[in-house]
There are 2 protein chains.
Amino acid sequence: MNTRDKIILLGDNLIRKRGYNAFSFSDISKELNIKNASIHYYFPTKTALVIAIIQKHLILLEKFKEKVSEKDSVQKIIKFLSVYSITKSEGRISILGSLSNDYFTFTAEVQTELKILTNNTLNWLTDTLKEGRQQGFFHYDMEDRKKALIIITNILGAEQLSRVTDNYDFHKIKEAIINDLIK
Amino acid sequence: MNTRDKIILLGDNLIRKRGYNAFSFSDISKELNIKNASIHYYFPTKTALVIAIIQKHLILLEKFKEKVSEKDSVQKIIKFLSVYSITKSEGRISILGSLSNDYFTFTAEVQTELKILTNNTLNWLTDTLKEGRQQGFFHYDMEDRKKALIIITNILGAEQLSRVTDNYDFHKIKEAIINDLIK
DNA sequence: ACAAATATACCTACTAATAGGTAGGTAAAC
DNA sequence: GTTTACCTACCTATTAGTAGGTATATTTGT
């Protein structure tokens, strides 16, 4: 992996573990054994770095959508929720959860990028739920987007709160979401 | 209101709007037209301030419990969820949501206080749900604590995500939680 | 093929601003 | 005369960010 990608990966992990305003360029430069100025060579500002991180997640989302496109709706949702479980086990929460918490400390440009990632995620979830409902896999009685909102906010909140209570609570909630859908 | 309480209130608002690691003592001192050192007179460290803020919320929770103790379970839940709506409209999220996001940047002492506030909130919600379920108001088929977890994480996530999407999404989710309970 | 030009990927050394925090003083109230 | 509620003046560490240098590749012109 090249230095640029390493910086993005480390920044991503730091944001999702400690939050945007709790990490500095020196956290990254120390870890990579390079100097502070070298990070500015790749990313002139911290804003430029967080935008690159969001854009990486936009690409990851597209790859995810592509990867699960042939699966049935139930498997799509299970895979989607699995993405959140994996990183949770290492103390990290999702990028959406972490960044929306710091939303008011961002420039308009970062806010716009975050909106795009959020809407892309929400739209995929809405479409997948609709598909599964029409095929008789899922059962709920409300707008598809509303159900998508409930699921995603439940996951974000669960990632957050289970830091304080118990990591196992996260898995309990995740199972409950799936059971509620296919009941 | 005395200066100490004003500092706590301002710190509380700043944490819930921008996050713990995005506010400084000077944000407070400028607003109150006092000097930085005067805040240290009341709170020797930033840690001491955040602990005082958590303890204020512990007291507020007790007052809330007392205030709604005579109401029926449905009204208790509606009032509980209203607390989250009120501050949300001013851009602030709940103290639980904001602080659990910064959990790994806190000292053990702050983490412990946050755990107490979280558990006290969760326990009240669990008991209230159980009461309402036994009296036939609420309908769900899982442990009471699990249902409490789902509700509270859903609200925390909704506060967060609706910053990015649309404030009205928060109210949609809140209504869905109530409808789901009494359906 | 070979030298010159240029781009890459860092570096040293610095800056201004801000962070949380401290030492010690003072004026007024109790 | 002690406590309260501030103050001035400072400190050290860290922050994001900049200016300009250098060694090593890579590309280009002859």
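Given the structure is predicted, the values throughout are model-derived calculations rather than measurements. A note on names: the letters A, B, ... follow the listed sequences, proteins ahead of strands, and every chain is numbered from 1.
No more than 12 heavy atoms of other residues, nucleotides or ligands lie within 6.0 Å of CD in A/E70, so this atom counts as exposed by the packing criterion.
Between A/F25 and A/H40, the two ring planes are tilted [angle within 30° to 60°]. The aromatic rings of B/Y168 and B/H171 are tilted relative to each other, their planes meeting at an angle between 30° and 60°.
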Can you tabulate the close N/O pairs, meaning under 3.5 Å, that link protein atoms to atoms of nucleotides 8-15 of chain C?
from	atom 1	to	atom 2	distance (Å)
C/dC10	OP2	A/T3	OG1	2.7
C/dC10	OP2	A/Y42	OH	2.8
C/dC11	OP2	A/K35	N	2.8
C/dC11	OP2	A/S38	OG	2.4

Produce the list of close N/O pairs, under 3.5 Å, pairing protein atoms with atoms of nucleotides 27-30 of chain C; give distances to one decimal.
none

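Rounded to whole Å, atom P of C/dT18 lies 17 Å from atom CD1 of B/I28. Distance B/N21 CG to D/dT15 P: 12 Å, rounded to the nearest Å. Following rounding to the nearest Å, B/F25 (CZ) and C/dA19 (C1') show an atom-to-atom distance of 10 Å. When the C1' atom of D/dT14 is taken as reference, atom NZ of A/K46 falls 12 Å away, rounded to whole Å. A/L14 has its CG atom 15 Å from the C1' atom of D/dT15, to the nearest Å. Per the geometry, CG belonging to A/L49 stands 15 Å off C1' belonging to D/dT15, to the nearest Å. The separation between B/F23 atom CZ and C/dG20 atom P is 7 Å, rounded to whole Å. A straight line from CD1 of A/I39 to C1' of D/dT15 spans 13 Å, rounded to a whole angstrom.
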For B/T153 and A/N154, what are the C-alpha separation, side-chain angles and deciding distance, and is it a side-chain hydrogen bond (donor to acceptor under 3.5 Å, both in side chains)? CA-CA 5 Å; B/T153 55; A/N154 213 336; 2.8 Å; yes

Please report the C-alpha distance between B/K183 and B/D180 in whole Å, then the side-chain angles of each, then the deciding distance to 0.1 Å, and finally whether the salt bridge (Lys or Arg N to Asp or Glu O under 4.0 Å) criterion is met. CA-CA 5 Å; B/K183 69 162 179 288; B/D180 169 70; 3.2 Å; yes

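The side chain of B/S26 contributes an N or O atom lying less than 4.0 Å from OP1 or OP2 of C/dA19.
A/F43 comes within contact range of no nucleotide atom at all, as no heavy-atom separation falls under 4.0 Å.
B/N21 and B/T105 form a side-chain donor-acceptor contact under 3.5 Å, judged by distance and modelled atom types alone. Residues B/D144 and B/T126 bring no donor and acceptor atom of their side chains to less than 3.5 Å of each other.
An end-to-end axis angle of 10° holds for the helix from C/dA1-D/dT30 to C/dC30-D/dG1, taken from five base pairs per end and rounded to 10°.
Both A/V83 and A/I77 are part of a single hydrophobic cluster, where members link through side-chain heavy atoms under 4.5 Å apart.
Under the 6.0 Å distance and 45° angle rule, B/K76 does not count as a cation-pi partner of B/F64.
Screening B/T112, B/T47, B/I51 against B/T107 for a side-chain contact (heavy atoms from CB on, under 4.5 Å) leaves a single residue, B/T47.
Looking only at side-chain heavy atoms (C-beta outward), A/K147 and A/L181 come within less than 4.5 Å of each other.
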